[in-house]
Amino acid sequence: MRDDTLEMVKNDSFVPAVEIPSDKIMPLLVMAPELLVIWNGDSVWLSHEKGKTACLPLAEASVVLRGGLIVGHDTKDFLKALLAKNCRQLPAVKHDTAQCSFLLNPLRKSRALADLAGIESLDDPKLAIAALWEVYERQKKALAELPGLQRVAQTMDFPLVNVLAQMEFQGIKIDTSKLEKMNKSLTREIAVTQQNIYDMVGYEFNIASPAQLASALFDKLLLPIAGIKKGKTGYSTNQKELDKLRGQHPIIELIERFRELSKLQNTYVAALPEQTDANGYIHTTFNQDATATGRLSSTNPNLQNIPIRTELGRQIRDAFVPAPGNVFVNADYSQFELRLAAVMAGETVMVEDFNTDVDIHAKTAAEVYGVPIDEVTPVQRRRAKVVNFGVLYGMSQHGLAQAAHMSFAEAQHFIDEYYRIRPRVKAFMEQTIRQAHDNGFVQTLFGRRRPTPDVKSSNFAVRSAAERAAANMPIQGTEADLMKMAMLAVEKRLAEGPDVDASRLPSEAGKSEKNGFALPERQASSDSMLASTDNPSIPLGRQVLQIHDSIMVECPRQNAEKVSKILVETMENIYPSLGIKLKVDVKVGDSWGEV
DNA sequence: CTGATCACGCAC
DNA sequence: GCCGTACGTGATCATA
């Protein structure tokens, strides 16, 4: 695959920028419409003009950049460094070369600045500034050729860096003593379960090893291997296969319990307390250049896959708590992706159903089974729900059959009926796949792109998987676009602070000073001058999490109602010309588990 | 020992 | 062959 044609340029002779004493050009730096930034973890190199650069300590750069515009590579790290230096008014990101590289070519392997510039090493900051100028100007030209992508970059991904930096810096507090209690009780129950398993098998082994477990089940206990899937290493012992063995032997339930408990303990309960800072806060990293669809991802730790489905899992969410005096406000879009599928496909009846708050899964079941909507049975509705999700993922009769526990024939019938009732959805999927073939990429409503080289594969499985991924991307990606727009709009509304609404709501007048949001460590800041002179009004609350269709804000308890209203209003009206109503549910609580 | 890969399971 | 997008864990095996 042509990997680097869009961005890669050979550079045999690169001229380093000339260093100019910062005091000599301070006025130029302060007045510059944009400043290129290289931050090496220690000092900051700024450039207002190609060929020139000045070196400043981080604290001084923080003052120069206050409220300005920056161009850099991986600017989020730099913004977080500024926040750590108590910078109250971050510069805005005008252009980020790492993020832009991702938007232009998400398949590219390395996005290091040196690679983008085609240079061996950028140890010298003066050389790095020169490289940054080079890459910046090249990317500007590339974006100018792609207006849709340019808009995505400039109105979504670049400004979002600022929001993400603040979210990561802010962090979320966890109640470590709660998790430690859970940890102890998990350790005890795991030990008991493990011993029971050993007793049944007759010897001790590593239950976590799929190979050893398969040997215990199929060699020692001689459980039937008929219908059990084989992997590369042997018989599979995953949940789906264990399901088939249920009732054959009491050990199956014990293994499932062992799996559930050890998963929760290893991945969350024991791991999270090890990742807190000195104040008990967890600071995840939100990656904006990791997914093929434009979604964010979360790492170190991943806060986007904290359990919720089982009671034990939900208890882990209860350990995420707001600072004293604060609450969490969580807002999530209802049926976000299905609504987008309906409107993007132009399936007008479905759109109308969503606009009038019809139970879409029940409606789907009613149509497919040909019964009145109020006579739909719970089983019918459940199956229709699986199909509604399956559509988004490009389901086959095979996939549907196993997901909804029905026969191939039933699944095929269901799919046929579904597409007979929703022909525009089918046409939309097919049209998207055709675009993937004809154009080599698919895109969101706003022009974010995903290259689709594998739809040309001669391997049926590879090609089919690529077509399903292509069909899904415009929907999942448009969801990601709208979420980013919502986060930016929410950030703006929260920043208006208590004073704006105080004028609208007389009852709030006089309390404004205390309504502001600040965590203990921020209040403890010794830099009182910055607090008063920088003086962006204190926000009503701070975004702390984004999980694909939801935004969670932490705010002082007295702001909860106002923040709830802001979230619902902003998210529901994020893109009025979309052509379908967006519904947002909001909840206030004293822990993540409560919301 | 470190890194890559697999199997598995968690989220939306 | 068989429904999309992620990330983290432990086991396992290759590599240095």
Side-chain angles (χ1 to χ4, degrees), chain A residues 106 205-214 229-242 255-256 258-272 274-275 284-310 312-314 316-317 332-338 341 386-404 408 411-412 415 429 432 442 450 457 459-477 479-480 483 545-550:
Chain A
F205 64 103
N206 185 347
I207 306 167
S209 160
Q212 292 183 41
L213 179 59
K229 200 174 68 185
K230 264 185 117 160
K232 286 173 184 167
T233 46
Y235 288 105
S236 167
T237 63
N238 67 21
Q239 184 58 56
K240 218 172 72 217
E241 310 311 315
L242 291 183
I255 291 166
E256 288 172 336
F258 177 88
R259 284 247 176 95
E260 181 192 357
L261 299 178
S262 52
K263 167 82 179 182
L264 292 178
Q265 180 174 53
N266 293 333
T267 310
Y268 307 106
V269 178
L272 288 172
E274 292 171 7
Q275 303 179 63
T284 186
T285 299
F286 288 106
N287 306 293
Q288 208 182 177
D289 58 0
T291 75
T293 57
R295 274 188 175 180
L296 302 180
S297 78
S298 159
T299 55
N300 301 310
N302 180 358
L303 294 187
Q304 290 181 323
N305 75 340
I306 302 295
I308 190 168
R309 282 164 196 182
T310 66
L312 198 52
R314 209 186 46 75
I316 296 171
R317 292 198 175 204
D332 63 286
Y333 282 107
S334 165
Q335 312 279 17
F336 203 175
E337 287 191 31
L338 264 184
V386 174
V387 172
N388 274 327
F389 279 107
V391 166
L392 302 174
Y393 305 149
M395 68 179 166
S396 62
Q397 60 272 53
H398 204 110
L400 174 61
Q402 54 182 32
F408 287 4
Q412 186 60 61
I415 291 170
M429 296 286 169
T432 303
V442 288
R450 172 180 185 163
S457 171
N459 180 316
F460 177 81
V462 172
R463 185 172 67 248
S464 300
E467 288 177 346
R468 291 192 296 271
N472 173 260
M473 187 274 174
I475 298 165
Q476 192 182 119
E479 170 193 55
M483 277 301 295
L545 283 181
Q546 186 260 45
I547 310 187
H548 310 314
D549 64 354
S550 70

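Letters A, B, ... mirror the listed sequences (proteins, then strands); counts begin at 1. Basis for what follows: all heavy atoms, side chains included, without hydrogens, waters or symmetry-related copies.
- Residues A:Gln476 and A:Glu337 bring no donor and acceptor atom of their side chains to less than 3.5 Å of each other.
- Close to C:dC2, at under 4.0 Å from its OP1 or OP2, lies no side-chain N or O of A:Ser464.
- Closest to the side chain of A:Thr291, out of C:dT9, C:dA6, B:dC12, is C:dA6.
- Taking a pair as Watson-Crick or G-U with both hydrogen-bonding distances under 3.5 Å, the stems of three or more pairs touching DNA chain C are B:2-9 with C:7-14.
- Distances shorter than 4.0 Å separate none of the side-chain N or O atoms of A:Thr267 from OP1 or OP2 on C:dG8.
- Dashed line: the shortest gap from a side-chain N or O of A:Asn305 to OP1 or OP2 of C:dG8 is not under 4.0 Å.
- Of the candidates B:dC8, C:dC7, B:dC10, B:dC10 carries the atom nearest the A:Pro307 side chain, counting heavy atoms from C-beta on.
- Minimum atom distance to the side chain of A:Arg259 is reached by B:dG9, of the listed B:dA7, B:dG9, C:dT5.
- Minimum atom distance to the side chain of A:Ala290 is reached by C:dC7, of the listed B:dC10, B:dA11, C:dC7.
- Candidate nucleotides B:dC12, C:dT5, B:dG9 were compared by shortest atom distance to the side chain of A:Thr293, and C:dT5 ranks first.
- Regarding contacts with the backbone of C:dT9, every side-chain N or O of A:Ser262 stays at 4.0 angstrom or more from both OP1 and OP2.
- Nucleic acid contact for A:Ile308: sugar-phosphate only, since backbone atoms but no base atoms lie under 4.0 Å from a heavy atom of the residue.
- With hydrogens and angles ignored, the 3.5 Å screen pairs no side-chain donor or acceptor of A:Thr299 with any backbone N or O of A:Asn302.
- For the pair A:Arg309 and B:dA11, the criterion of a side-chain N or O lying under 4.0 Å from OP1 or OP2 is met.
- Using a 4.0 Å heavy-atom criterion, one finds that A:Ile306 contacts the sugar-phosphate atoms exclusively.
- Checking each of A:Leu392, A:Val391, A:Thr293 against A:Ile475 for a side-chain contact (heavy atoms from CB on, under 4.5 Å) leaves exactly one that passes, namely A:Leu392.
- Where A:His398 and A:Ser209 each meet DNA chain C at their nearest nucleotide, the meeting point lying more 5' is that of A:His398.
- Heavy atoms of A:Arg463 sit nowhere under 4.0 angstrom from any nucleic acid atom.
- For a distance-only test at 3.5 Å, the side chain of A:His548 fails to qualify as a donor-acceptor partner of the base of B:dC12.
- Of the possible donor and acceptor atoms, one in the side chain of A:Thr284 sits under 3.5 Å from a partner among the backbone N and O of A:Pro301.
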Worked check of side chain to side chain contact (heavy atoms under 4.5 Å, CB included) between A:Tyr333 and A:Met483: CA-CA 9 Å; A:Tyr333 282 107; A:Met483 277 301 295; 3.6 Å; yes
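- Within 4.0 Å of A:Gln239, counting heavy atoms only, lie sugar-phosphate atoms of the nucleic acid but no base atom.
- Counting any heavy atom pair closer than 4.0 Å across all strands shown, A:Ala469 reaches sugar-phosphate atoms only and no base atom.
- Contact check, A:Arg295 against C:dA6: no side-chain N or O comes under 4.0 Å of OP1 or OP2.
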Full working for side chain to side chain contact (heavy atoms under 4.5 Å, CB included) between A:Glu256 and A:Glu260: CA-CA 6 Å; A:Glu256 288 172 336; A:Glu260 181 192 357; over 6 Å; no
